[in-house]
A.B. asks: 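Sharing a structure, written as structure tokens. Questions coming.
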Amino acid sequence: MTSLKVWDIHGGIHPPEHKELSNRTPIQPAPLPKRLILPLAQHLGAPAEPCVTLGEHVLKGQQIAVASGFVSAALHAPTSGVVSFIGPQPYPHVSGMLANAIVIDSDGEDRWIELEPHLDYRALERPALLELIRQAGISGLGGAGFPTAVKLTPPPTQRIRTLIINGTECEPYITADDLLMREKAAELVAGIEILAHLIQPQDVLIGIEDNKPEAIAAVRAAIGERPFVLKVFPTKYPSGGEKQLIQILTGEEVPSGGLPADIGMLCQNVGTCVAIHDAVLLGKPLISRITTLTGEALARPMNVEALIGTPAGELLAFAGLEQNRLNRLIMGGPMMGFTLPSLDVPVIKTTNCLLASTLEELPPPPPALPCIRCGECAEACPVSLLPQQLHFFALGQEHEQLKAHHLFDCIECGACAYVCPSSIPLVQYYRAAKAEIRELEQKQQKAEHSKQRFELRQERLRRAEEQKEAERKARAERAARAKAAQGESAQVVSDTTAATPSAAPKSGLTETQKKLKIEASMAQVALKKAEKQLAAHDTPELQAQVSDLRKAAEAAQQALDAVMQESASAPTVSPADDEALKKARIEAAMLKAQIRKLEKLEAPDDDQQAELVRLRQQLHEAEQALATAQSAAPAPAAKPADDEALKKAKIEAAMLKAQIRKLEKLEAPDDDQQAELARLRQQLHEAEQALAAAQSAAPAPAPAAKPADDEALKKAKIEAAMLKAQIRKLEKLEAPDDDQQAELARLRQQLHEAEQALAAAQSAAPAPAAKPADDEALKKAKIELAMKRAELKKAEKAGAQEAELSRLRDALQEAEQALHAAEDASHKPAPELVRTSKPGIDERQRELKTEVAFARADLRKLERDEQTEPTTLEAARLRLSEAERQLADYQQS
């Protein structure tokens with residue numbers, strides 16, 4: 001059925017066709033190549049993903065790559081053979097860049113897989129039929145390469161009312177669709193019927209230009225009585241464009257920025273229709289296509305049915321390429337095609353033409369001249385754009401103006417550049433401007449996405465902070481309610497105790513025994529925890545910590561055993577700590593815990609600060625009540641020399657030291673951890689004072705000879721050493737903050753007081769007996785020298801500044817002088833130096849060892865390099881073996 005009603009498009013040109021070069025002979029089968037290169041991206045959308053492995057044998061038509069997304073297409077083996085490579089290979093692109101591909105070495109047998117045709121396709125559901133087309137790997141064969149299955153799946157809101165079959169082939173030189181319509185008209189019409197069954201359109205239009213009379217006659221005969229409309233219209237370039245063909249056949253225009261589906265139209269190329277016929281009715285995937293081989297550099301221009309992946313050089317050689325006449329090899333036509341970088345690129349699904357032109361046939365364009373504003377480009381533009389204005393906007397990078405003047409409606413047909421008298425390459429400017437705009441839009445989208453992520457993160461942090469604040473307030477309220485309930489219960493217990501003063505004491509362990517048992521258990525737990533850490537990380541600090549905790553645990557256990565034995569042998573007496581004393585101690589302990597918890601808050605509110613003041617006042621009153629209760633309690637019986645208070649003080653000091661060491665090991669402590677460390681150091685200082693008081697209050701041991709350094713002197717020395725260590729640690733900080741500087745000043749003041757106390761203790765100590773030659777001053781000088789030397793080495797390794805290094809060197813020199821003075825004052829004989837002679841290494845042995853070291857290093861370097869040749873690696877191994885043999889022979893001799 002033929003209709004003569006057609007419309008015209010704006011502009012257009014009539015370049016020389018040159019189609020007679022290749023349309024005089026029938027389609028020829030191309031020879032089977034030895035090697036096929038199959039790029040994974042032969043279509044618009046996501047590249048396919050390989051589903052075969054290296055060395056795998058594949059059959060013709062076997063799927064070798066699967067579609068990796070909705071807008072993607074599968075890939076199949078064009079012949080049987082072995083997969084020899086998967087990776088970057090030459091790709092038909094103007095940039096000449098490589099692309100991932102699967103390489104198949106043909107076995108020459110060309111064996112097919114078992115095909116599954118579906119002759120009764122009308123019985124299939126629409127999704128099943130679409131899946132057949134999708135699995136066949138069919139994409140548009142007209143040029144763009146959009147996956148056909150995706151194009152046949154419009155949104156539910158769009159109804160396709162007209163199916164348009166594009167047989168125009170308007171570009172010069174190309175005759176692939178012309179020969180296909182002549183020789184495969186029946187397959188073409190069968191493919192159109194499958195599309196019509198899928199889409200159910202109201203009209204099916206077939207458009208062919210009037211310069212293809214043989215193809216028109218063949219298609220008209222194949223249509224027969226089918227309700228397909230064949231429209232023949234005058235030849236004009238670029239009538240083969242999708243939007244232009246719709247306007248010619250229907251008189252309707254696709255809106256700017258829209259798609260044909262927006263107005264109920266769907267276009268398919270004639271080659272795509274034949275591929276759909278082969279996939280559904282024959283079960284064959286898309287593995288070959290009709291390609292035009294033309295140009296005056298070929299002795300036999302023709303159309304061939306080439307396997308996808310065939311190198312372009314082999315096809316051109318089959319057509320009689322005259323290499324000396326070849327000037328440019330173009331994939332596509334002279335208007336919209338592009339120059340190929342080499343003859344190694346393969347034929348892909350969108351390769352409709354290979355144009356081998358001579359210099360006389362397609363001479364290089366003359367140099368561009370300034371625009372004369374003739375307006376020829378605007379008259380030739382088929383989209384009714386203003387090419388001259390777009391050119392100026394592209395030069396000025398005025399992207400908003402380019403979009404406002406509908407740059408993206410340009411189909412890059414080249415008509416404007418063809419008619420330009422100034423030879424301005426307008427299309428190249430438009431392509432570059434489109435790429436810049438797309439890149440800027442992508443950057444803007446990324447920036448907007450980052451901004452949204454940042455705002456969402458800020459919102460999450462705000463909600464988390466609000467939740468933390470609500471939880472803090474809830475905890476404060478619960479603590480206040482618990483405190484009130486505790487006060488009421490304590491009042492009730494007090495009233496009950498006052499009402500029944502003659503109540504019998506509870507049976508079981510006494511308060512002292514319970515306390516000692518708890519302390520012994522805590523000491524054991526701390527010891528086990530430290531031992532686990534020591535087993536995981538054996539360091540001198542952990543060893544010292546475990547030793548201190550073990551001593552503290554043994555002391556606590558001994559104290560508990562002593563009290564238990566004493567209670568078992570002595571008659572039962574009432575405990576020293578009566579009920580009032582117990583109550584006062586519990587009250588003070590609970591108040592201290594609540595105060596510590598509130599002091600850890602980073603930003604307490606007004607209610608929490610008021611609660612903290614109130615708790616401190618209550619703690620003060622509780623401590624006064626505890627002191628009163630302790631003074632009212634009966635004096636304890638005579639205790640052993642290492643009494644309860646002394647043991648408790650030792651355990652407390654050991655546990656605090658362990659906690660301080662644990663916090664000091666942190667690399668970057670936060671504010672809470674630093675505050676906790678300062679609090680523990682203050683508690684350790686108080687515990688050591690309590691330990692000293694307990695030791696002084698303890699009864700003197702047997703009148704054995706007391707060492708020269710008594711307890712007070714030893715304590716003063718330990719205190720001064722600990723303060724010096726803390727000061728050194730703070731002095732090493734590069735940029736201390738205000739709190740750290742204040743802490744440093746406080747420690748220096750404490751060190752000054754500790755040194756005064758040490759001097760007083762040394763003066764108060766009895767005159768020491770005759771000391772050995774290596775006396776205390778000499779020992780102190782040696783330790784000081786070792787510390788100064790270690791500080792200097794550490795600073796040199798850290799790359800400290802020259803001023804700091806100079807200061808440390810001066811301090812080291814002073815320490816050496818102090819050591820010499822101490823040695824002179826101690827009357828210790830000078831050490832006798834004993835020098836041992838070490839046998840040297842002669843020159844030959846040194847050379848042999850050097851050769852072995854170099855050979856081993858070179859071999860390791862070559863073994864790490866994956867691209868090293870086996871022969872080179874074997875030579876390096878022989879070199880090392882020979883060097884080791886020579887060294888061994890020399891050492892034995």
Side-chain angles (χ1 to χ4, degrees), residues 26-40 42 48-67 73-92 99-119 132-133 135-139 141 176 180 183-184 187 271 274-291 293 300 302-321 343-349 351 354:
I27 300 173
Q28 301 293 322
L32 181 65
K34 296 181 179 179
R35 197 166 187 257
L36 294 168
I37 303 172
L38 300 158
L40 298 175
Q42 303 188 30
E49 294 182 357
C51 59
V52 292
T53 58
L54 287 177
E56 182 177 347
H57 189 273
V58 295
L59 298 177
K60 187 174 184 178
Q62 178 180 336
Q63 190 176 67
I64 58 175
V66 297
L75 193 61
H76 301 78
T79 188
S80 58
V82 178
V83 177
S84 61
F85 182 77
I86 300 176
Q89 287 291 303
Y91 183 77
N100 288 329
I102 299 175
V103 179
I104 297 178
D105 290 339
S106 173
D107 58 8
E109 299 179 4
D110 206 31
R111 285 187 297 140
W112 275 93
I113 60 171
E114 185 177 352
L115 302 179
E116 296 181 5
H118 295 79
L119 300 178
L132 281 178
I133 298 173
Q135 291 301 323
I138 301 174
S139 58
L141 302 184
L180 181 140
E183 300 184 15
K184 296 189 177 183
E187 291 88 340
V274 174
I276 291 174
H277 161 270
D278 294 343
V280 177
L281 298 180
L282 303 181
K284 294 181 179 180
L286 179 58
I287 59 172
S288 64
R289 67 155 297 137
I290 308 300
T291 301
L293 306 178
R300 298 180 302 277
M302 65 179 75
N303 283 275
V304 295
E305 184 169 2
L307 295 178
I308 304 298
T310 303
E314 294 190 22
L315 290 178
L316 296 176
F318 177 65
L321 174 65
L343 299 180
D344 297 329
V345 298
V347 170
I348 60 175
K349 296 178 182 180
T351 305
L354 291 175

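Quick note: numbers below take in every heavy atom, side chains included, and nothing from hydrogens, waters or symmetry partners. FYI, the numbering just counts along the sequence from 1.
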A.B. asks: Is there side-chain contact between H57 and D107, with heavy atoms separated by less than 4.5 Å?
C.D. replies: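 Sidechains of D107 and H57: in contact.
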A.B. asks: Looking only at non-hydrogen atoms, find the nearest pair between L315 and A306 and report the distance.
C.D. replies: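 Looking at all heavy atoms of both residues, the shortest contact is CD1-CB, 3.8 Å.
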A.B. asks: Tell me if a side-chain donor or acceptor on S80 pairs with a main-chain N or O of D110 at a distance below 3.5 Å.
C.D. replies: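 Side chain of S80 to backbone of D110: a pair is present.
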A.B. asks: Would you mind reporting whether L321 and L343 have side-chain heavy atoms less than 4.5 Å apart?
C.D. replies: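 Answer yes - side chains close enough.
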A.B. asks: Of all heavy-atom pairs between G61 and H76, which one has the smallest distance, and what is that distance?
C.D. replies: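 Answer, listing the atom of G61 first, then H76: O-CD2, 3.5 Å.
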A.B. asks: Would you say R300's side chain and F318's backbone share a donor-acceptor pair under 3.5 angstrom?
C.D. replies: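 Confirmed, R300 side chain pairs with F318 backbone.
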A.B. asks: Within the distance-only criterion (no hydrogens, no angle test), does the side chain of E49 pair as donor or acceptor with the backbone N or O of V66 below 3.5 angstrom?
C.D. replies: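 No, E49 side chain to V66 backbone: no donor-acceptor pair under 3.5 Å.
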A.B. asks: Would you check if the side chain of Q62 reaches a backbone N or O of L59 as a donor-acceptor pair within less than 3.5 Å?
C.D. replies: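 Yes, because the side chain of Q62 sits within donor-acceptor range (under 3.5 Å) of the backbone of L59.
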A.B. asks: Suppose we screen for side chain to side chain contact (heavy atoms under 4.5 Å, CB included). Which residues come up paired with K284, at least two apart in sequence or across chains?
C.D. replies: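 Applying side chain to side chain contact (heavy atoms under 4.5 Å, CB included) to K284 gives W112, L115, D278, L282.
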A.B. asks: Is the shortest heavy-atom distance from the side chain of L281 to the side chain of H118 under 4.5 Å?
C.D. replies: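 They are not in side-chain contact.
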A.B. asks: Search all heavy atoms of P39 against all heavy atoms of L75 and return the closest pair with its distance.
C.D. replies: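 Smallest interatomic distance, heavy atoms only, reads O-CD2, 3.5 Å.
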A.B. asks: Scan side-chain atoms only and decide if Q135 and Q63 contain a donor-acceptor pair under the 3.5 Å cut-off.
C.D. replies: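 Yes, Q63 and Q135 have a side-chain donor paired with an acceptor closer than 3.5 Å.
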A.B. asks: Do I113 and K60 have side chains that approach each other closer than 4.5 Å (heavy atoms only, starting at C-beta)?
C.D. replies: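 I113 does not reach K60 side chain to side chain.
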A.B. asks: Between L54 and I86, what is the shortest heavy-atom contact and its length?
C.D. replies: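 Shortest heavy-atom separation between L54 and I86 comes out as CD2-N, 3.7 Å.
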A.B. asks: So, do E305 and P29 sit near enough that their side-chain heavy atoms are less than 4.5 Å apart?
C.D. replies: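 Sidechains of P29 and E305: no contact.
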A.B. asks: Could you tell me which non-hydrogen atom of P346 sits nearest to which non-hydrogen atom of P92, and how far apart they are?
C.D. replies: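 It is O-CG, 3.8 Å.
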A.B. asks: Quick one, V103 and Q89 - any side-chain contact, counting heavy atoms below 4.5 Å?
C.D. replies: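 Answer yes - side chains close enough.
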A.B. asks: Quick check: does any side chain N or O of T291 sit under 3.5 Å from a backbone N or O of T351, one acting as donor and the other as acceptor?
C.D. replies: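 Looks like yes, one N/O pair under 3.5 Å.
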A.B. asks: With side chains defined as the heavy atoms from C-beta onward, is the minimum distance between L293 and N303 less than 4.5 Å?
C.D. replies: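 SC-SC contact between L293 and N303 ruled out.
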A.B. asks: Could you check whether any side-chain heavy atom of S106 comes within less than 4.5 Å of a side-chain heavy atom of L32, counting everything from C-beta outward?
C.D. replies: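 Yes, at least one pair of side-chain atoms sits under 4.5 Å.
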A.B. asks: Show the nearest heavy-atom pair for residues I308 and L36, with the distance to one decimal.
C.D. replies: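 Here I308 and L36 meet closest at O-CD2, 4.0 Å.
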A.B. asks: Could you grab the distance from atom CD of E183 to atom CD1 of I27, nearest 0.5 Å is fine?
C.D. replies: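 CD1 of I27 is found 4.0 Å from CD of E183.
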A.B. asks: Show your working on side chain to side chain contact (heavy atoms under 4.5 Å, CB included) between I104 and I64 and close with a plain yes or no.
C.D. replies: CA-CA 10 Å; I104 297 178; I64 58 175; 4.1 Å; yes
A.B. asks: So does P311 get a backbone contact from the side chain of E314, meaning a donor-acceptor N/O pair under 3.5 Å?
C.D. replies: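 Side chain of E314 to backbone of P311, a donor-acceptor pair under 3.5 Å: no, none is there.
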A.B. asks: Among residues two or more places apart or on two chains, list those pairs meeting salt bridge (charged side-chain N to carboxylate O under 4.0 Å, His left out) that have a residue in residues 26-39.
C.D. replies: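 Pairs touching residues 26-39 that pass the test: R35-D105.
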